Asker: 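Let me begin by handing over the structure; questions about it come next.
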Amino acid sequence: MRKYTPLVGCLKRNPRHSRFPIPNVVWKYKLKPIEFVLLSYLCCQHSHDSTNVSPEMVAKGTHMTVVTVKKYLASLVGRKLTTDEEWFLAPAFQHAGDRKFFTLPNEIFLLNLPPSVFMVYAYLLLIEDRQTHTCHPSYNTIAAVTGLVKNTAMKSINTLLEMGLIAVEHSSYFDQRGMKWTGNNLYTILPTQVAVDQFHQRQLHQLELDAERRRVRKRQETHDHRHSRAVLFSPPAPGTSAPAPAT
């Protein structure tokens, strides 16, 4: 039976605490995608009572290098969104006047989403209907709120669709003159665990492909080595004379 090894930075799933809150006020800071991911990870750790989070821990949990994490954490410290002592959440988040918040699933950090895709996914969760788990923002709206260019927002939506995090339904409408126009997409937020399972399956499949490539390459190298030795030490063909020794 194949053993399952958790991914680096994998968060332990707690059925009672499978999501973490992020205050809505986060969007007013116009964070860069990487800053948004890092701050989200700090929110996640804070909600799970992890009071001492090092840059190394953040790097492992967000699949980034320590150098990158330190660079953008310094930016968050400069904006007073974290402290420079033990990487706690900033007082601006703990005591903000706006108490509204949205939630993200813990498993989102397992998927190693590009920062722009992570940010778009978070925005969809911000505006989703809590009963139907749907929303229908335009690409222009997504781009304006996240600070991404429209083309990047569109690519991010496609990535979320490919990873099984959302379903997309195209819509259209007729104006007063009977002209048909393309409407905003209707996005349905899907259960995260399905996407995580699919992600793990893709990883296992890729590991198997890599292992097979290594086996094929090793067999080829062994064959080439034996063939070269056979040619080197094979006797001369009939009717040919061996090369004269050097004088």
Side-chain angles (χ1 to χ4, degrees), residues 6-14 17-127 142-149 152-153 155-156 159-160 163 165 192 195-196 199:
L7 297 177
V8 174
C10 174
L11 296 173
K12 295 181 179 179
R13 181 176 178 81
N14 185 334
H17 219 40
S18 61
R19 301 181 72 88
F20 64 94
I22 301 180
N24 290 0
V25 71
V26 67
W27 298 98
K28 82 172 187 179
Y29 293 99
K30 302 295 182 182
L31 298 175
K32 297 177 181 178
I34 293 182
E35 294 173 336
F36 188 92
V37 173
L38 296 181
L39 194 56
S40 297
Y41 187 79
L42 293 178
C43 287
C44 180
Q45 294 301 318
H46 179 76
S47 69
H48 291 76
D49 299 323
S50 181
T51 57
N52 188 7
V53 183
S54 68
E56 289 74 19
M57 180 179 178
V58 176
K60 184 178 294 185
T62 58
H63 310 278
M64 300 181 191
T65 65
V66 176
V67 173
T68 299
V69 166
K70 288 184 176 180
K71 173 184 176 182
Y72 287 97
L73 282 178
S75 174
L76 294 175
V77 169
R79 302 177 70 171
K80 301 186 183 304
L81 296 178
T82 64
T83 68
D84 55 359
E85 296 176 359
E86 297 186 40
W87 307 110
F88 294 126
L89 287 178
F93 272 164
Q94 295 175 355
H95 305 292
D98 185 0
R99 297 290 182 177
K100 296 180 180 180
F101 63 88
F102 64 103
T103 62
L104 288 178
N106 295 343
E107 295 90 348
I108 194 62
F109 295 104
L110 299 176
L111 299 176
N112 194 15
L113 296 178
S116 58
V117 178
F118 186 104
M119 199 172 193
V120 170
Y121 180 66
Y123 176 64
L124 296 182
L125 288 178
L126 168 73
I127 63 173
I142 295 173
V145 175
T146 60
L148 303 171
V149 298
T152 301
K155 290 181 179 179
S156 298
T159 300
L160 292 172
M163 297 195 70
L165 286 168
T192 316
V196 172
F199 180 73

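Predicted model only: the values in this text are computed from it and were never measured.
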Asker: In this structure, which one of L39, I108, N106 forms a side-chain contact (heavy atoms from CB on, under 4.5 Å) with C44?
Answerer: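 Exactly one option meets the side-chain contact (heavy atoms from CB on, under 4.5 Å) with C44, and it is N106.
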Asker: Atom NE2 of H63 and atom OG1 of T68: how far apart are they, to the nearest 0.5 Å?
Answerer: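 Spacing of NE2 (H63) from OG1 (T68) equals 14.0 Å.
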Asker: Decide yes or no for W27 and F36: does some side-chain heavy atom of the first lie under 4.5 Å from some side-chain heavy atom of the second?
Answerer: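 Contact flag for W27/F36 side chains = yes.
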Asker: Nearest 0.5 Å, please: how far is CG in L38 from CG in L81?
Answerer: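 Rounded to the nearest 0.5 Å, the CG-CG separation comes out at 11.5 Å.
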Asker: Can you see which heavy atom on S75 is nearest to which on E35, and at what distance?
Answerer: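 Closest approach of S75 to E35, heavy atoms only: OG-OE2, 2.5 Å.
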Asker: So E56 and K70, side-chain contact (heavy atoms from CB on, under 4.5 Å) or not? Walk me through it.
Answerer: CA-CA 9 Å; E56 289 74 19; K70 288 184 176 180; 4.1 Å; yes
Asker: Of the non-hydrogen atoms in F20 and S47, which two are nearest, and what is the gap between them?
Answerer: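 Minimum heavy-atom separation between F20 and S47: CB-OG, 3.2 Å.
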Asker: Can you name the closest pair of heavy atoms from V37 and F109 and give their distance?
Answerer: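 Between these two residues, the closest heavy atoms are O-CE2, 4.1 Å.
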Asker: Which heavy-atom pair separates L148 from P33 by the least distance, and what is that distance?
Answerer: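 In this case the closest contact between L148 and P33 is CD2-CG, 3.8 Å.
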Asker: Taking the side chain as every heavy atom from C-beta outward, state whether L76 and L31 have any atom pair closer than 4.5 Å.
Answerer: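 In contact.
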Asker: Are any of the side-chain heavy atoms of I22 and S40 separated by less than 4.5 Å?
Answerer: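 Counting from C-beta outward, I22 and S40 do come under 4.5 Å.
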Asker: Can you tell me how far apart CG (L104) and CG (L126) are? Round to the nearest 0.5 Å.
Answerer: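 L104 CG to L126 CG: 9.5 Å, rounded to 0.5 Å.
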Asker: Go through the structure and list residues passing side-chain contact (heavy atoms from CB on, under 4.5 Å) with K155, not counting sequence neighbours.
Answerer: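 Counting only residues at least two positions away or on another chain, K155 forms a side-chain contact (heavy atoms from CB on, under 4.5 Å) with N151.
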Asker: Could you check if a side-chain atom of L42 sits within less than 4.5 angstrom of a side-chain atom of L73, using non-hydrogen atoms only?
Answerer: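 Counting from C-beta outward, L42 and L73 do come under 4.5 Å.
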Asker: If you round to the nearest 0.5 Å, how far is NE2 of H46 from OG1 of T82?
Answerer: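 T82 atom OG1 to H46 atom NE2 measures 13.0 Å (nearest 0.5 Å).
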Asker: For residues 113-122, pull every pair meeting salt bridge (charged side-chain N to carboxylate O under 4.0 Å, His left out), keeping only residues two or more places apart or in separate chains.
Answerer: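 Non-adjacent pairs meeting salt bridge (charged side-chain N to carboxylate O under 4.0 Å, His left out): zero.
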Asker: Taking the side chain as every heavy atom from C-beta outward, state whether I34 and M64 have any atom pair closer than 4.5 Å.
Answerer: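 Contact flag for I34/M64 side chains = yes.
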Asker: Hey, can you pull the donor-acceptor pairs under 3.5 Å for the side chains in residues 113-125, sequence neighbours left out?
Answerer:
none

Asker: Say you draw a straight line from NZ of K30 to OG1 of T146; how long is it, rounded to the nearest 0.5 Å?
Answerer: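 Reported value, rounded in 0.5 Å steps: 8.5 Å.
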